[in-house]
Novice: 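This is the structure, below, for whatever I ask next.
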Amino acid sequence: MRMSQMFIPTLREDPADAEVASHRLLLRAGFIRRVTSGVYDFLPLGLRVLRRIETVVREEMNRAGAQEILMPMVQPAELWRQSGRWEKYGRELLRFVDRHDHESCLGPTHEEVVCDLVRRELRSYKQLPMNLYQIQAKFRDEVRPRFGLMRGREFIMKDAYSFHASDDDLAREYANMFETYMRIFRRLGLRFRAVEADTGSIGGRRSHEFHVLADSGEDVIAWCGACDYAANVEMAEARREAPSGAAAEVSETDTPGASAVEDVAAMLGVAPALLVKTLVYRARRAEGEDELVAVCVRGDDQAQEVKLARFLGADEVAMASDAEIESIGGVAGFVGPVGLTARVIADESLRGAEGLVAGANRVDAHLVGLSMARDVPTAEYADVRAAREGDACPRCGGGIRLARGIEVGHVFELGRQYAEPMGVVFQNDKGERTVATMGCYGIGISRLVAAVVEQCHDEAGIIWPMHLAPFHVTVVQLGKSEEVAARCHALCEALEEAGLDVLWDDRNERPGVKFRDAELLGIPLRVALGERGLAAGVAEVAVRGGEKLDVPLDEVAAFARAERERRLS
RNA sequence: CGGGACGUAGCGCAGCCUGGUAGCGCACCAGUCUGGGGGACUGGUGGCCGCCGGUUCGAAUCCGGCCGUCCCGACCA
């Protein structure tokens, strides 16, 4: 392709509103443009990368036995009512009414539609198992879209749904998909980690997330340095030592103005770990009234709200207001577990702890010498703290480490939670009417574009892995003599002959501009040819992010092909 | 939804405090020179100063409302 004729609007300067590397570089290099918050155009280069990722995903899904279909983006409310999610999904589901006053929504995920499709056709166990997938635009009306393609409202996703006659067969397919995902992310050349995960609003019994490791990631994952335990911190069961102070009588002491953990600890001369941090949460459930609960963790720990919500069986937990805190006998800033009229959920690490300091539920006062067993006898114990670096692994006791990750894949054992209400039934081998069991498996295709850039870039620009590069090689034409142009053209043809996708920079620009753009775009191989090289019979071949060397003109194509093969294997 | 910042040419920004002809760099167009790491010179093009209203003889500038964007938090397969 002639670069002079392609739509590649590069920017010399960083866009003011792009913070993270992938957002900044994808904009600068002319891969994407923003249409509105969380919604992007894919320009020719961006689309090429997207297609490459799709191809890898498609090949591996097909190989794993899944079949590609395409479902609609617009979905009728009645299907969502059948699954119960029309009420449950919340404002992230973009709803609208058509001209006939029918309620609809833009699909954020497709369990309902695929169940509707399958239930119409499924009669016999002999039709199972079945794994259907699609690669399609999703819409989720995110509260806060950000970081370009990383968290968009509209995004491209591969979603697969499998149907099974038995839980055993579902477990088999889950493992199959898990392995398939491992293969996909390996092929994409990413540093990633599979972790145990919360099932969130999709629901189901068991799930794993696949995270690309990157500091800009929005998730934190915990893993064990000694065994293969790994989990999202929303799940991670890491344990800590439970330090106790000296047993003592409980008494109240003045702590004027000291509310923050560090201030109280400093004022009383005790370690922050001996403080009991008490947080009041409002738990919301689809049915029933909101409940206020007090949550106790160590002063140097953080509460983990996803764990808490799971323990409470709540759809959502949020920090309570000062007024709500007072309604259960607490005082904002000085809340403690003693004397509250709400349930007290204490983290496991507080079980049996003594000699603690806690808020006295009175302004400017704390209790010292607190014993959980003696003074908070009604406390319920649960794992509600966030794992920290250095905690003990729940499997082997090894040291837990934390890292940030970008969630690019998620697999779920759904079980019958959609199939049951949606009526996905068949006759089993005994002629009995049976509800199918399901799995679902997602990959964020457009998010992967961003994730790859987060992992593969330097100051100068993107460094695409060979698999994903919009072009394998760019031929940089230096100078504008007919001779140079002709030889560059011939080089391009030879490279294409050798099976490479070639971007020919035939623009009337200075060499510096072309070199910088080649680096910004991140094309893995760069072949530069001008009068000087022509005279010597060589072209300069540079590997993006690597070395450069002169290669005789008639060997360039073979060299590039070998280089490509080497990087693809 | 809470907190913060911002909105002036395609991009990056100044001007606003202290009201009086809308600026700079890059990009773009024409020309000359140049040609292996964002070239030089000359001459140009391009603006609803986010929108609506108010104050004023006069508003990019002051005031009010709205819209949009970004960041932090809350939230999230």
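Residue numbers begin at 1 in each chain, while the letters A, B, ... track the order of the sequences. Every value quoted in this text rests on a predicted model; they were computed, and no experiment measured them.
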Novice: Which part of the nucleic acid does A/Lys158 contact within heavy-atom distance under 4.0 Å: base, sugar-phosphate only, or nothing?
Specialist: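 It contacts nothing in the nucleic acid.
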
Novice: May I ask you to verify whether the side chain of A/Arg144 and the base of B/G2 hold a donor-acceptor pair under 3.5 Å?
Specialist: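 By the distance-only test, no, there is no pair.
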
Novice: Has A/Asn232 got a side-chain atom pairing as donor or acceptor with A/Asp219's backbone, closer than 3.5 angstrom?
Specialist: no

Novice: Are A/Arg28 and A/Asp14 close enough for a salt bridge, meaning some N to O gap below 4.0 Å?
Specialist: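 Judged by the 4.0 Å cut-off on N to carboxylate O distance, A/Arg28 and A/Asp14 do form a salt bridge.
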
Novice: Using the P atom on both, measure B/G7 against B/G12 and round to a whole Å.
Specialist: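 12 Å, rounded to whole Å.
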
Novice: A/Val556 and side-chain contact (heavy atoms from CB on, under 4.5 Å): which single residue from A/Leu525, A/Val538, A/Leu491 fits?
Specialist: A/Leu491

Novice: Nearest whole angstrom, please: distance from the C1' of B/C70 to the CZ of A/Arg34.
Specialist: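 Answer to the nearest Å: 9 Å.
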
Novice: Is the shortest side-chain N/O distance from A/Arg510 to OP1 or OP2 of B/G35 below 4.0 Å?
Specialist: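 Indeed not, no polar side-chain atom of A/Arg510 lies that close.
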
Novice: Is there a donor-acceptor contact under 3.5 Å from the side chain of A/Arg310 to the main chain of A/Glu234?
Specialist: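 Side chain of A/Arg310 to backbone of A/Glu234, a donor-acceptor pair under 3.5 Å: yes, one is there.
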
Novice: Holding to side-chain contact (heavy atoms from CB on, under 4.5 Å), I want the full list of residues that pass it with A/Ala294, two or more places apart in sequence or in another chain.
Specialist: A/Thr278, A/Leu340, A/Val344

Novice: Please give me every residue in residues 303-313 of chain A whose heavy atoms get under 4.0 Å of an atom in RNA chain B, ordered by residue number.
Specialist: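 Result for residues 303-313 of chain A: A/Glu305, sorted by number.
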
Novice: Looking only at atom C1', what distance separates B/U8 and B/G46, rounded to whole Å?
Specialist: 14 Å

Novice: Quick one: does any side-chain atom of A/Asp141 pair with a main-chain N or O of A/Leu94 as donor and acceptor, under 3.5 Å?
Specialist: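 Not a single qualifying donor-acceptor pair exists.
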
Novice: For A/Arg447, report the nucleic acid contact type (base, sugar-phosphate, nothing); a contact means any heavy atom under 4.0 Å.
Specialist: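 Counting heavy atoms under 4.0 Å across all strands, no contact is made by A/Arg447.
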
Novice: Does B/C70 have OP1 or OP2 under 4.0 Å away from a side-chain N or O of A/Ser37?
Specialist: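 Yes.
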
Novice: Check every strand shown and say whether A/Pro9 touches a base, only sugar-phosphate, or nothing at a heavy-atom separation below 4.0 Å.
Specialist: nothing

Novice: With respect to the phosphate group of B/C72, does any side-chain polar atom (N or O) of A/Arg146 fall under 4.0 Å of OP1 or OP2?
Specialist: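 So the side-chain polar atoms of A/Arg146 do come within 4.0 Å of the phosphate oxygens OP1 or OP2 of B/C72, strictly under.
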
Novice: Hey, is the side chain of A/Glu531 pairing donor to acceptor with the base of B/G36 inside 3.5 Å?
Specialist: no

Novice: What about A/Arg532, does its side chain sit under 3.5 Å from the base of B/G37 through a donor-acceptor pair?
Specialist: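 Absent.
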
Novice: Look at A/Asp167 together with A/Arg416 and state whether they make a salt bridge at an N to O cut-off of under 4.0 Å.
Specialist: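 A/Arg416 and A/Asp167: salt-bridged.
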
Novice: How about A/Phe178 and A/Phe210: are their ring centres within less than 6.0 Å of each other?
Specialist: yes

Novice: Between B/C13 and B/G19, how far is it from one C1' atom to the other, in whole Å?
Specialist: 23 Å

Novice: Work out how far the P atom of B/U34 is from that of B/G20, and round it to whole angstrom.
Specialist: 47 Å

Novice: Which is true for A/Arg28 with a 4.0 Å heavy-atom rule: it touches a base, it touches only sugar-phosphate, or it touches nothing?
Specialist: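 Here A/Arg28 touches the bases of the nucleic acid.
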
Novice: Applying a 4.0 Å non-hydrogen cut-off, can you work out what A/Thr36 is touching in the nucleic acid: base, sugar-phosphate, or nothing?
Specialist: sugar-phosphate

Novice: So does A/Gly409 get a backbone contact from the side chain of A/Tyr441, meaning a donor-acceptor N/O pair under 3.5 Å?
Specialist: no

Novice: Which comes earlier along RNA chain B counting from the 5' end, the contact point of A/Gly409 or that of A/Glu519, where each point is its nearest nucleotide?
Specialist: A/Glu519

Novice: Tabulate protein N/O versus nucleotide N/O from nucleotides 23-25 of chain B, keeping only pairs under 3.5 Å, one per line.
Specialist:
| residue | atom | partner | partner atom | Å |
| --- | --- | --- | --- | --- |
| B/G25 | N2 | A/Glu13 | OE1 | 3.0 |

Novice: Any side-chain to backbone donor/acceptor pair from A/Arg447 onto A/Met150? Under 3.5 Å, distance only.
Specialist: yes

Novice: Using atom C1' in both nucleotides, what's the gap between B/U55 and B/A9 to the nearest angstrom?
Specialist: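 These two C1' atoms come out 29 Å apart once rounded.
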
Novice: May I ask you to check whether over 12 heavy atoms, not counting those of A/Arg24, lie within 6.0 Å of atom CZ?
Specialist: yes

Novice: Looking across every strand, which nucleic acid part, if any, lies under 4.0 Å from A/Phe147 by heavy atom: base, sugar-phosphate, or nothing?
Specialist: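 Result for A/Phe147 = sugar-phosphate.
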
Novice: When we call it a touch if two heavy atoms are under 4.0 Å apart, what does A/Asp14 touch: a base, just sugar-phosphate, or nothing?
Specialist: sugar-phosphate

Novice: Does the B/G36 base have a donor-acceptor partner in the side chain of A/Lys480 within less than 3.5 Å?
Specialist: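 In this structure, the two groups form no donor-acceptor pair.
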
Novice: Return the value, rounded to whole Å, for the distance between atom CD of A/Glu407 and atom C1' of B/C76.
Specialist: 9 Å

